[in-house]
Amino acid sequence: MTDIFADIARSTAEALGRLGVETSAEEIKRLMQLPAKPGFGQFAVPLFGFTKTLCQPPPVVAGKVADTISCPATVQKIEAVGGFLNFWEQPGIIAAEVLPKIVHMRDRYAAADEGMGQVVVMDYSHPNIAKPFGVGHLRSTVIGNSLYRVLEKLSYKPVAINHLGDWGTQFGKLIYAFRQWGSEEQLSVQPIRALYDLYVRVHEEAKYNPELEEHGRAEFKKLEDGDPDNRALWQRFRDLSLQEFNRIYARLGVGFDSYAGEAFYNEHLGPLIKRLQETGLAHESENALVMEFDDPQLPAFVVRKADDASLYATRDLAAAEYRYKTYHFSRALYIVGSAQALYFRQLFAALKKMGYAWADHMEHIEFGWVKFGTEIMSTRKGTVVFLDDVIEQAVQRTKDIIAEKNPELPNVDEVAEQVGTGAVVFSQIAVRRNKDIVFSFEDVLNFDGHTGPFLQYNHARLCSLLRKYGRPVETDIDCAVLADPEETRLALLLHEYPRMVQTVAETCEPMTLAAYLIELVDLYSSYYHRVRIMTDDESLTRARMLLSAAIREVLRDGLYLLGLAAPEQM
RNA sequence: GCCCCCGUAGCUCAGCAUGGACAGAGCAGAGGUUUCCUAAACCUUUGGCCGCAGGUUCGAAUCCUGCCGGGGGUACCA
């Protein structure tokens, strides 16, 4: 199969070569971009980077290249504007290149084998047992899930680990609180509510009564030493919470390969600490065991508390060792809020100091806070927004809209679930990772404009169009009738899609894909309103259906990669 | 104190990695579109010293330095 983009890149590289510039077709292809505005060609190559070696201003270089280039016959026009080389293809050439390919390959269109044989361990979601699943946990879950699907598309073998927060001093407090104020009745009726109330109460009372901290620590120590009563209570809390989490994950379409939480590494902790002591990698300081680093920026890292109990760091070190031994990952991603950036630098440095070269392949994929108004959500303060409530409201809102707009829709409940969760998921993925998100019900429940439901709506409308067409879409047709600039632009955007998916994998930034899909769908929606897809002209109709079918494929695949369902009607 | 992140339209955000063609969207506001493929849509329109000041460059929202404002982190919470 010929590749017109490669052909043009080669021609451009050759023309530059004759002018005395060393470059390659690959480099030019990488530089190729879609112009910001129509009028600057269908696609463009910026030549600014080559002007230095030639000691000539950009417009002169571009002019010379435009004059001397010998292009494939499919190129209709080349223009040098500023330092850009702008290309126009003959009508339909780009469409013919890309549309049949998409319709044939469907969800394999963006697939690549670059990750073949490489395991990527991913740590995300990690809710805390005995705390409700808040909107804060949603962001890690949604980003992780999307990256999982993207990596899988590129033939990596992702392993999703839900490192449950099921261990730590907080359980001592909770056990103490349950014995003080809790009851079996509450626990069996509304388990999560009951545990959450206890959690808030114990932190509230601890403010006035410092002894509670001591009680909590003591109960946790007993738990860690294997006290059967505490152990049984802990197991019960864990089971109840996990049940609840799994119900929510099912709604979001999220799954995990492992639920090995913090408690899972219990037996590894003692030997690990002993090893760190004996090898001299860690030493006693103020009764705690700490590791120190050469880098003066990195403060000491506590790996065992003064009361001999383990802490987060101990369990993460053990988890890292276990994961490497078990999965032999080539990359390990921790999708955790940026508040823990320093902690992860210490963790990775500690592993490096332990002699693990693979520590270099661990990355903290950080993200900003999810704020509610001006406040940061806090489980302890009780200012958390329950994810379940958010989803429930979004689903209800969807039902209202369906009742108004499409009362004939057969499977209302299923679609409302898909669209409602779609709105919630999209709200988390449509903002760059390192920015804080201001969570507002008003925005999440507003389905107008650039939202998850907007993407889903366009998908459903495309499906409807294809149903109405009633025949298989033909791929072996004359695309020259797709002479409209928007049709060419759409084809060019579709051509970008696989590159976009790879960018997401490199940057771990699903927002880029969300923005891409919005751009694609926005343009198509505008086009759809301006022209008729199905016309009296047979060949034109065939071509426009092919374009529409290709857009549906990419949209459906893109929605999947973001973690949104793509209902066929809504 | 030191370290990290953010600062673009009334609001929420793209664009910054790899500097480049007049800074783009959505929401909110104003006006319009439905005998026609899903109007959860589309079209028109109002609205910007890209936090401030320097520097590098032919060219800076983008890179560098300083400052201001906000947030986070800074040994036994996770």
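Reminder, nothing fancy here: chain letters follow the sequence lines and each chain counts from 1. As the structure is a computational prediction, the values presented were derived from the model and not from experiment.
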**Q** Looking only at side-chain atoms of A:Gln297, point me to the closest of B:C3, B:A75, B:A40.
**A** B:C3
**Q** Below 4.0 angstrom from OP1 or OP2 of B:C43, is there any side-chain N or O of A:Ser526?
**A** yes
**Q** How far, in whole Å, is B:C64 from B:G71 if one measures between their P atoms?
**A** 25 Å
**Q** Choose from B:A40, B:U74, B:U38 the nucleotide whose nearest atom is closest to any side-chain atom of A:Leu342.
**A** B:U74
**Q** Looking only at atom P, what distance separates B:C27 and B:A40, rounded to whole Å?
**A** 14 Å
**Q** Taking any heavy-atom pair under 4.0 Å as a contact, classify A:Glu404: base, sugar-phosphate, or nothing.
**A** nothing
**Q** Is A:Arg544 close enough to B:C37 that one of its side-chain N or O atoms is under 4.0 Å from OP1 or OP2 there?
**A** no
**Q** Run the salt-bridge test on A:Glu568 and A:Arg556 with the 4.0 Å N-O cut-off and return the result as yes or no.
**A** yes
**Q** Identify whether any heavy atom of A:Gly168 sits under 4.0 Å from a base atom; if not, whether one sits that close to sugar-phosphate; answer base, sugar-phosphate or nothing.
**A** sugar-phosphate
**Q** Using a 4.0 Å heavy-atom cut-off to protein, can you give one letter per nucleotide of nucleotides 7-18 of chain B, 5' to 3': B if the base is in contact, S if only the sugar-phosphate is, - if neither?
**A** S-----SSS-B-
**Q** Looking at B:U38, B:G73, B:A40, which one has an atom nearest to any side-chain atom of A:Ala339?
**A** B:G73
**Q** So, does A:Ser525 get its side chain near the phosphate of B:C42, meaning an N or O under 4.0 Å from OP1 or OP2?
**A** yes
**Q** Go through it in stages, so that I can follow the logic: the residues are A:Phe40 and A:Phe84, the test is ring pair (Phe, Tyr, Trp, His ring centres under 6.0 Å), and I'd like the CA-CA distance, side-chain angles, deciding distance and then a yes or no.
**A** CA-CA 9 Å; A:Phe40 291 127; A:Phe84 288 93; 7.4 Å; no
**Q** Looking only at the side chain of A:Thr169 (C-beta and beyond, no hydrogens), which of the listed nucleotides B:U38, B:C77, B:C36 gets closest?
**A** B:C77
**Q** Within 45° of the axis and under 6.0 Å from the centre of the six-membered ring of A:Tyr527, does NZ or CZ of A:Arg530 qualify?
**A** no
**Q** Taking the side chain as every heavy atom from C-beta outward, state whether A:Leu269 and A:Arg304 have any pair of such atoms under 4.5 Å apart.
**A** no
**Q** Does a side-chain N or O from A:Tyr457 land closer than 4.0 Å to OP1 or OP2 of B:A40, or not?
**A** yes
**Q** Determine the interatomic distance between P on B:C68 and the same-named atom on B:A30; round to the nearest Å.
**A** 42 Å
**Q** Run the salt-bridge test on A:Arg489 and A:Glu519 with the 4.0 Å N-O cut-off and return the result as yes or no.
**A** yes
**Q** Taking all atoms of both residues into account, what is the closest heavy-atom pair of A:Leu562 and A:Pro510, and its distance?
**A** CD2-O, 3.7 Å
**Q** If you pin A:His450 and A:Asp307 to their nearest nucleotides in RNA chain B, which one's is more 5'?
**A** A:His450
**Q** The side chain of A:Glu286 is closest to which nucleotide in this list: B:A28, B:A39, B:A75?
**A** B:A75
**Q** For this output row, return yes or no: ring centroids of A:Phe447 and A:Tyr457 closer than 6.0 angstrom.
**A** no
**Q** Checking base pairs now: Watson-Crick or wobble, both atom distances under 3.5 Å. What partners B:A21?
**A** none
**Q** Under a 3.5 Å cut-off for both contacts, is B:U62 paired Watson-Crick or G-U wobble with anything, and if yes, with which nucleotide?
**A** none
**Q** Between the base of B:A75 and the side chain of A:Ser285, is there a donor and acceptor pair under 3.5 angstrom?
**A** yes
**Q** Between A:Tyr497 and A:Glu553, does any side-chain donor sit less than 3.5 Å from a side-chain acceptor?
**A** no
**Q** Output one line per pair: protein atom, nucleotide atom from nucleotides 58-61 of chain B, and distance, for all N/O pairs under 3.5 Å.
**A**
none

**Q** Grab the CZ-P distance between A:Phe84 and B:G19 for me, whole Å please.
**A** 12 Å
**Q** Would you say whether A:Phe447 stacks on B:A40? The test is a distance between ring centres of less than 5.5 Å and an angle between planes of less than 30°.
**A** no
**Q** On RNA chain B, does the nearest nucleotide to A:Ile518 precede the nearest nucleotide to A:Val81 from the 5' side, or the other way round? Give the residue.
**A** A:Val81
**Q** Would you state whether a donor and an acceptor, one from the side chain of A:Asn458 and one from the base of B:A41, lie under 3.5 Å apart?
**A** no
**Q** At what distance, to the nearest 0.5 angstrom, does OH of A:Tyr528 lie from CZ of A:Arg544?
**A** 13.0 Å
**Q** Within the 4.0 Å heavy-atom criterion, would you say A:Glu568 contacts the bases, only the backbone, or no part of the nucleic acid?
**A** base
**Q** For A:Lys77, give me all partners under side-chain contact (heavy atoms from CB on, under 4.5 Å), at least two apart in sequence or on another chain.
**A** A:Glu79, A:Trp88
**Q** Taking the basic N atoms (NZ, or NE/NH1/NH2) and the acidic carboxylate oxygens, is any pair closer than 4.0 Å for A:Glu26 and A:Arg30?
**A** no
**Q** Could you work out which one of B:A40, B:U38, B:U74 sits closest to the side chain of A:Gln569?
**A** B:U38
**Q** Please pick, from B:C36, B:A39, B:A78, the nucleotide with the shortest atom-to-atom distance to any side-chain atom of A:Tyr528.
**A** B:A39
**Q** Choosing from B:A78, B:A21, B:A40, which nucleotide comes nearest the side chain of A:Arg315?
**A** B:A78
